[in-house]
Amino acid sequence: MRKYFLQAAALFCMQACSSNIPQGSLVTIAPENISCDQYIGNGVQWSAYPHADSEDAQWGALMDNPAKWDTLYQRLDYMQPQFIRVMDQANWRYYEGLDAAGMPIVNFDRPEMMALYRLLDYCQSRNITVVIGEWGTPHHMHEVEKKEARLDGADDPRWTKMIIQYLNHLIHEKGYTCLKYYNLINEPNGDWASTLGNFREWQQGVKALDQSLRQAGLKHQIKIAGPGSVPHYTYPEYKEEYSGKDWVKMSTEQLDQQLGAYEIHAYLPAEEVRKGKAVEFTHFDQDFPLTQAKGKPFFVGEIGLKEEWGTPAYHENIERAKQDPHTAPEDSQMSVYDYQYGVDMTDAVIQYMNAGGAGMIAWDVDDAMHTYGDLGNKNQLKRWGFWNILGTEICDNPADEAIRPWYYPWSWSCKYFPANTTILKPEFENIEGLRITAGKFKEDYSVLLANNCEQSHALHLEIPSMHKKTDFRIHQYVRAHPTTEKAEITAKTLAKVKPADGIAIEIPAKSVMVLTTFKD
């Protein structure tokens, strides 16, 4: 497995410009050019290891290991995620089936809850915003063979009551005030969802949950986020009534009283990202004004790169996955091992930040969280993560626990753009393949750049409102060598520059750079 590392020496040329003559293409960051003023922040999807959370789990209690959690905490402390999505399932944690009267048996003292508490303890201690939820109606999703414990659908009052009990336990008894949003059913417009693409079923579930949150006095502490749909997918049964791209519009029209935030999921072909079409591909540009008219944040609850079904790139990824005996070819992105994935994901996140996105949650942290169908097959890992924390235990491969390249640029998009940052859209002459966004947090500024071009670009960066001389810390993600997938992470301080006069930088081809006044 490849090894990635930090290196202090800078590989690029930059200098402060005292001249009024721009060196390279002019990039202006004006404080009035706001794209998002209700920013939650970027982050990651992090589940509580359902296959390794207890002695009864498929792999046993492998995550009952403080050293594993310490490693996770250290890595996430560098990243500083602002927004974490915890998707779970009642039957994985607290739901033990139905009693003789057909009512749910709920138990919050199960060993399976311990992994969730460890995860939420971390989020609470770091003041991270959490969106929590369940994949679908219990035993319609995962462990579907246990039909005797299956509930009826999204609006089954027994499930709604269970959710309220669960949230009351987590928020009031355990004190997890970090829980801010609840997501009812993952990607409900999909044929893989418990709703089977039925908007009306999901809608009734949301209405029932909202009413119960109000009655329980939880509405002011946690809000429902939705629809969490995949805009470019349409379930055939409903195509005459609505398509995947209609779900946000229908939600704003029919569920605005119930929803506290809007969200979609974005799985993007790499070429669409490199052409600057990420926002358009997911209909975000048309949905954003609808959500803003309601005055609520609009975020991307899952984001990753995935080639469209049947394309040559799709088949190449499948074949590559088949070479790994522990990988699920149907649901893995093998590019997470590659340098270029870091450039492409940063490119995509910049596009959404400039389009007004309130946050982007990367799918996902860790390969050890999920398997195909979540059946616990060690040979069917979903490869999407920054690492596999159980590489030794389940794959006999300690190197699989190493950090992968895209961890670094994704970390910068989190830590240098904290919650409540004002996101600013820079002004510059269009350069195909070059993406830039900026943020202001109190007196600090950060500028994130992704160059997806085959050539470097010289830029003259101006922040007219910053007249005082200040230090900028500059981090860069570059390919270590043209023939390797290793990433080289460089860092340098640019001392006492006056941003109003401009900063000359050169960003190499296929690289990521962040300039920030935040102290490391």
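Side chains included, hydrogens not; waters and symmetry mates left out as well; all remaining heavy atoms used.
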Crowding at CZ, F108 (>12 non-hydrogen neighbours, <6.0 Å): yes
With rounding to the nearest 0.5 Å, note down the distance linking OH in Y242 to CG in N189. 9.0 Å
Using 30° and 60° as the class boundaries, would you call the ring planes of W69 and Y49 parallel, tilted or perpendicular? perpendicular
Minimum-distance pair of heavy atoms, taken over all atoms of V512 and L448: CG1-CD1, 4.1 Å
Tell me whether R274 is salt-bridged to D347, with the criterion being a basic N under 4.0 Å from an acidic carboxylate O. no
Residues that F298 engages under ring pair (Phe, Tyr, Trp, His ring centres under 6.0 Å), provided they are two or more places apart: F284
Can you see whether Q58 engages N377 through a side-chain donor-acceptor pair at a distance of less than 3.5 angstrom? no
Which side-chain N or O atoms in residues 127-136 pair as donor and acceptor under 3.5 Å with protein atoms at least two apart or in another chain?
from : atom 1 : to   : atom 2 : distance (Å)
E134 : OE1    : A90  : N      : 3.1
E134 : OE1    : W159 : NE1    : 3.3
E134 : OE2    : Y94  : OH     : 2.8

Contacts of type salt bridge (charged side-chain N to carboxylate O under 4.0 Å, His left out), residue E201, not counting sequence neighbours: none
Quick one, P231 and V248 - any side-chain contact, counting heavy atoms below 4.5 Å? no
Counting only heavy atoms from other residues, nucleotides and ligands, does the tally under 6.0 Å from CG of D396 exceed 12? no
Assess the residue pair D77 and Y122 against the criterion (side chain to side chain donor-acceptor pair (under 3.5 Å)); give the C-alpha distance rounded to whole Å, side-chain angles, the decisive distance to 0.1 Å, and a yes or no. CA-CA 10 Å; D77 276 347; Y122 178 86; 2.7 Å; yes
Decide yes or no on side-chain contact (heavy atoms from CB on, under 4.5 Å) for W46 and L72, but give the supporting numbers first. CA-CA 11 Å; W46 192 16; L72 291 169; 4.3 Å; yes
Between N198 and T195, is any side-chain donor less than 3.5 angstrom from a side-chain acceptor? no
Row check, F386 ring normal vs R404 NZ/CZ: under 6.0 Å, within 45°: no
Whether the D256 and Y262 side chains hold a donor-acceptor pair (N or O, under 3.5 Å, no angle test) is what I'd like checked. yes
Applying ring pair (Phe, Tyr, Trp, His ring centres under 6.0 Å), can you list everything that pairs with F199, at least two apart in sequence or on another chain? W202, W247
Please work out which of the three classes, parallel, tilted or perpendicular, describes the rings of W363 and H370, given edges at 30° and 60°. parallel
Does the pair D155/K207 count as a salt bridge with the N-to-O cut at 4.0 Å? no
Kindly assign one of parallel, tilted or perpendicular to the pair H475 and Y416, based on the angle between their ring planes and the thresholds 30° and 60°. parallel
Can you establish whether the number of heavy atoms outside K249 located under 6.0 Å from its atom NZ is more than 12? no
Closest non-hydrogen atom pair between P405 and V336, with its separation: CD-O, 4.0 Å
Reported CD-to-CD distance for the pair Q257 and Q211, which is rounded to 0.5 angstrom: 13.5 Å
Kindly check if the number of other-residue, nucleotide or ligand heavy atoms within 6.0 Å of CG (D109) is above 12? no
Does the side chain of Y233 pick up a donor-acceptor pair with the side chain of D191 at under 3.5 Å? yes
With distance as the sole criterion, is a donor-acceptor pair present between the side chains of E401 and T392 under 3.5 Å? yes
Check whether any side-chain heavy atom of V86 lies under 4.5 Å from a side-chain heavy atom of I84, and answer yes or no. yes
Polar contact flag, side-chain donor to acceptor under 3.5 angstrom, S411-Q80: no
Only counting residues at least two apart or in another chain, list the ones meeting salt bridge (charged side-chain N to carboxylate O under 4.0 Å, His left out) with K245. none
Y166 side, atom OH; L170 side, atom CG - distance, nearest 0.5 Å: 5.0 Å
How close do P329 and I318 get, heavy atom to heavy atom, and via which atoms? O-CD1, 3.0 Å
Looking at D338 and R320, is there a salt bridge between them, counting it only when a charged N and a carboxylate O are closer than 4.0 Å? yes
The single option from Y341, Y267, Y337 that satisfies ring-ring contact (aromatic ring centres under 6.0 Å, His included) with W384 is Y267
At their closest point, which heavy atom of Q124 faces which heavy atom of C178, and how far apart are they? OE1-N, 3.0 Å
Can you measure from CH2 (W59) to CG (L390) and round to the nearest 0.5 angstrom? 6.5 Å
Please step through side-chain contact (heavy atoms from CB on, under 4.5 Å) for the pair E272 and E308, ending with a clear verdict. CA-CA 11 Å; E272 293 297 311; E308 293 188 274; 5.6 Å; no
Any I389 side-chain heavy atom under 4.5 Å of V365 side chain: no
Name the one of F83, Y352, Y39 that satisfies ring-ring contact (aromatic ring centres under 6.0 Å, His included) with F299? F83
Parallel, tilted or perpendicular: rings of H139 and Y95 (30°, 60°): tilted
Taking atom NZ of K161 as the centre, report whether more than 12 heavy atoms of other residues, nucleotides or ligands fall under 6.0 Å from it. no
Would H283 and D246 count as having a side-chain donor-acceptor pair, cut-off 3.5 Å? no
Is H326 close to I394 at the side-chain level, that is, under 4.5 Å between some pair of heavy atoms? no
Donor on one side chain, acceptor on other, T371 and Q380, under 3.5 Å: no
Could you tell me whether D400 and R383 have a side-chain N and a carboxylate O separated by less than 4.0 Å? yes
Give a yes/no verdict on a cation-pi contact between K174 and Y117, requiring under 6.0 Å between NZ or CZ and the six-membered ring centre and an angle within 45° of the axis. yes
Spacing of CZ belonging to R118 relative to CE belonging to M63, to within rounding of 0.5 Å: 7.5 Å
What closest approach, in Å, do C414 and P81 show between heavy atoms, and which atom pair accounts for it? CB-CA, 4.0 Å
OG1 of T421 to CE of M353: how many Å apart, nearest 0.5 Å? 8.0 Å
Y407 and Y78: aromatic ring centres closer than 6.0 Å? yes
Could you tell me whether the side chain of T177 reaches within less than 4.5 Å of the side chain of Q221, counting heavy atoms only? no
List the atom of L259, the atom of S251, and the distance in Å for their closest heavy-atom pair. CD1-CB, 3.9 Å
Can a side-chain donor-acceptor contact be found between E263 and N183 if the only test is distance below 3.5 angstrom? yes
With sequence neighbours excluded, tell me which residues meet salt bridge (charged side-chain N to carboxylate O under 4.0 Å, His left out) with D331. K382
Please report the C-alpha distance between Q351 and M360 in whole Å, then the side-chain angles of each, then the deciding distance to 0.1 Å, and finally whether the side-chain contact (heavy atoms from CB on, under 4.5 Å) criterion is met. CA-CA 11 Å; Q351 292 179 48; M360 274 54 68; over 6 Å; no
Can Q215 and I164 be said to form a side-chain contact (heavy atoms from CB on, under 4.5 Å), step by step? CA-CA 10 Å; Q215 291 171 346; I164 296 300; over 6 Å; no
